[in-house]
Amino acid sequence: MTDLKSDFLQVFTERGYLHQCTDIDALDKAFAEGIVTAYIGFDCTAKSLHAGSLMQIMILRRLQQAGHKPIVLMGGGTTKVGDPTGRDESRPLITDAVIQENMDGIKKVFEKFLTFGDGPTDAIMVNNADWLDDIKYIQFLRDYGPHFSINRMLSFDSVKLRLEREESMTFLEFNYMILQAYDFVELKKKYNCTLQLGGSDQWGNIVNGVELGRRTNGFSLFGLTSPLLTTASGAKMGKTAGGAVWLNEDMLSAYDYWQFWRNTEDADVGKFLRLFTEIPMDEIARLEKLDGAELNEAKKILADACTEMAHGKAAAAAAAETARQTFEMGQTAEGLPTLEIPKAELEAGIPAATLFQRAGLAASNSEARKLIKGGGAKLNDTKIDDEKAVLSLNDLADDGRIKLSAGKKRHYLIQPV
RNA sequence: GGAGGGAUGCCUGAGUGGUUAAAAGGGACGGACUGUAAAUCCGUUGGCACUGCCUACGUUGGUUCAAAUCCAACUCCCUCCA
């Protein structure tokens, strides 16, 4: 690989986003010469994206900062088909109404990371249902079918793995890669989009689009992928005790989001700082060299920066302060997640296990009881010994609340009203 | 259309009439040690009104004192043949 000239690709490489490119020199040239329009597709399978998609979001943000135009492609159409990539079995079919709802939720995230508008480098968001919904089947087959070889399609990982594992794959899913390829061509025609970005698992799909564009219209398109992110211990990015690390605040509080980043493994701190923050490289180099416990400072900076971007400065500061009081001072902090409960109910007495369950610290009463039995449950920072303990107004702390803790990290306030 | 194989808890996977809420591993959660890290060790891992009861081994029905285990039908998956 020759030296890169474009700002974007330099940053892209140095921060660790680069995995593969169809033609990096030509792409570099394009970036250096003018505005490049690039897109990433997102599935609408949930109401919010989670941390697993954050790298792709950051890439679009970087792209825009470097003076190029990002397109967020919502897979309103392709979600109806379902991407088989990395899937052991077919996804359940999602209805149009759910897809719409999911799209609305996902949009909110992008507004925090990108600037949308009509300007030359303003981001736009488009929905592939706009062109996929009205495809004429025979026409489509005749126009695009001849450019896809079944032999080749069977050799793609998304298909091959499924076949090897002896899992069934429907014709519906088999078509996904064709539609994604078609998306790229359509975006080129509509918006002069010449680059598709994505995770390395999307490579096959992306290459298909590049080739389809060349064969049908002689377009010169590019594909650029980023590594699939796992933590140092091999876990998939974006999962934690409570489930997925959602980016929308109504799905995961800013405090929990901050905690997620604060709990990053040592070995990942440098990588995460590069990928998920905009802290300058020399500063990151300094931070990741910190030794032992000092590295915790770097984790806080990481958590601050990430939370700021997703939830705003104020929310990030509040989350950091809550964490500081809770973990460093051992106090009961204002900003902890709080459950309100009618005073009368508490007066009558509530089993501790029930309260843990209602606060979401345990999935069921049994689980809560096991937590208490295992010595992991605390009431106002004191271990609960009796799994049948009943809480009442007598258990309120001096500030009139109850603090419940499950393990060392998960805390909840119970506020009588 | 025909022949054969299969479906077990969050996942992988053992179990082929009672001692099975179901081996083992993984994951997850909790504890100890730490630095809100990793590694390691220990414990827990279907639900509930919890020394008991209920639900569970693809679905439905049957045999039996007793079924994840035997039988029948059905559903879905896989392989081979046409």
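Just so it is clear: chains get the letters A, B, ... in the order the sequence lines come, proteins before strands, and each one is counted from 1.
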Can a salt bridge be assigned to the pair [X] and [Y] using a cut-off of 4.0 Å between side-chain N and carboxylate O?
{"X": "A/E211", "Y": "A/R215", "answer": "yes"}
{"X": "A/E308", "Y": "A/K112", "answer": "no"}
{"X": "A/K378", "Y": "A/D381", "answer": "no"}
{"X": "A/D266", "Y": "A/K299", "answer": "yes"}
{"X": "A/E278", "Y": "A/R61", "answer": "yes"}

At under 4.0 Å between heavy atoms, what does [X] touch on the DNA or RNA strands: base, sugar-phosphate, or nothing?
{"X": "A/A362", "answer": "nothing"}
{"X": "A/K299", "answer": "base"}
{"X": "A/G292", "answer": "base"}

| field | A/K300 side-chain N/O to B/G35 phosphate OP1/OP2 under 4.0 Å | value |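 Answer no for this pair, as no side-chain N or O of A/K300 is under 4.0 Å from OP1 or OP2.
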| Contact under 4.0 Å: A/R410 side-chain N or O vs B/G30 OP1/OP2 |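 For B/G30, OP1 or OP2 has a side-chain N or O of A/R410 closer than 4.0 Å.
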Roughly how far, to the nearest 0.5 Å, is the [atom2] atom of [Y] from the [atom1] atom of [X]?
{"X": "A/N175", "Y": "A/M153", "atom1": "CG", "atom2": "CE", "value": "6.5 Å"}
{"X": "A/H50", "Y": "A/Y257", "atom1": "NE2", "atom2": "OH", "value": "12.0 Å"}
{"X": "A/K69", "Y": "A/L60", "atom1": "NZ", "atom2": "CG", "value": "12.0 Å"}

| Which of these nucleotides, B/G30, B/C33, B/G35, is closest to any side-chain atom of A/D266? |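 Among B/G30, B/C33, B/G35, the one nearest the side chain of A/D266 is B/G35.
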| query | Between B/C33, B/U36, B/G35, which one does the side chain of A/K408 approach most closely? | reply |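 Selected nucleotide (nearest to the side chain): B/C33.
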| task | Name the orientation class of the two ring planes belonging to A/W261 and A/F276 (parallel below 30°, tilted from 30 to 60°, perpendicular beyond 60°). | result |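 Judged by the thresholds at 30° and 60°, the geometry between A/W261 and A/F276 is tilted.
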| field | Mutual orientation of the aromatic rings belonging to A/F31 and A/F8 [parallel < 30°, tilted 30-60°, perpendicular > 60°] | value |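 Rings of A/F31 and A/F8: tilted, 30 to 60°.
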Rounded interatomic separation in angstrom, taking [atom1] from [X] and [atom2] from [N]:
{"X": "A/W261", "N": "B/A37", "atom1": "CH2", "atom2": "P", "answer": "17 Å"}
{"X": "A/L404", "N": "B/G30", "atom1": "CG", "atom2": "P", "answer": "15 Å"}
{"X": "A/I384", "N": "B/G31", "atom1": "CD1", "atom2": "P", "answer": "13 Å"}
{"X": "A/D381", "N": "B/U36", "atom1": "CG", "atom2": "P", "answer": "15 Å"}
{"X": "A/I350", "N": "B/A49", "atom1": "CD1", "atom2": "C1'", "answer": "17 Å"}
{"X": "A/D291", "N": "B/G35", "atom1": "CG", "atom2": "C1'", "answer": "12 Å"}
{"X": "A/E297", "N": "B/A37", "atom1": "CD", "atom2": "P", "answer": "15 Å"}
{"X": "A/L290", "N": "B/A37", "atom1": "CG", "atom2": "C1'", "answer": "14 Å"}

Please give the distance between the [atom1] atoms of [N] and [M] as a whole number of Å.
{"N": "B/G26", "M": "B/C76", "atom1": "P", "value": "37 Å"}
{"N": "B/G27", "M": "B/C80", "atom1": "P", "value": "35 Å"}
{"N": "B/G18", "M": "B/U69", "atom1": "P", "value": "11 Å"}
{"N": "B/G6", "M": "B/A68", "atom1": "C1'", "value": "15 Å"}
{"N": "B/U36", "M": "B/G47", "atom1": "C1'", "value": "32 Å"}
{"N": "B/U34", "M": "B/A24", "atom1": "C1'", "value": "31 Å"}
{"N": "B/C10", "M": "B/U79", "atom1": "C1'", "value": "29 Å"}
{"N": "B/A23", "M": "B/A32", "atom1": "P", "value": "28 Å"}

| query | With A/H411, which of A/F327, A/F356, A/Y255 fulfils ring-ring contact (aromatic ring centres under 6.0 Å, His included)? | reply |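 Answer after filtering A/F327, A/F356, A/Y255: A/F327.
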Give every pair of a protein N or O atom and an N or O atom of nucleotides 44-48 of chain B that lie under 3.5 Å apart, one pair per line with the distance.
unit_1 : atom_1 : unit_2 : atom_2 : d
B/G47  : OP1    : A/S364 : OG     : 3.2
B/G47  : OP2    : A/K370 : NZ     : 3.0
B/C48  : OP1    : A/N365 : N      : 3.0
B/C48  : OP2    : A/S366 : N      : 2.7
B/C48  : OP2    : A/S366 : OG     : 2.1

| query | Does any donor-acceptor pair link the side chain of A/E328 with the base of B/U36 at a separation under 3.5 Å? | reply |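 In this structure, the two groups form no donor-acceptor pair.
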Listing time: all N or O pairs from protein to nucleotides 52-56 of chain B that are below 3.5 Å?
none

| query | Nearest nucleotide by nearest heavy atom, which residue falls closer to the 5' end of RNA chain B, A/G376 or A/F327? | reply |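 Mapping each residue to its closest nucleotide by heavy atoms, the 5'-most match is A/G376.
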| Of A/A406 and A/E294, whose nearest nucleotide on RNA chain B comes first from the 5' end? |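 It is A/A406, whose closest nucleotide lies nearer the 5' terminus.
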| request: Heavy atoms only: give me the nearest A/I284-A/I279 pair and the separation to one decimal. | output: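 Answer, listing the atom of A/I284 first, then A/I279: CD1-O, 3.3 Å.
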| Are there more than 12 heavy atoms of other residues, nucleotides or ligands under 6.0 Å from atom CD of A/E14? |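 More than 12 heavy atoms, drawn from other residues, nucleotides or ligands, come within 6.0 Å of this atom.
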| field | More than 12 heavy atoms of other groups within 6.0 Å of A/D386 CG | value |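 More than 12 within 6.0 Å, yes.
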| remark: Each base of RNA chain B marked ( ) or [ ] if paired in-strand (Watson-Crick or G-U under 3.5 Å), | if paired to another strand and . if unpaired gives ((((((((.[[[..)..(.....]]]((((((.......))))))(((...)))...[[[[[..)....]]]]]))))))).
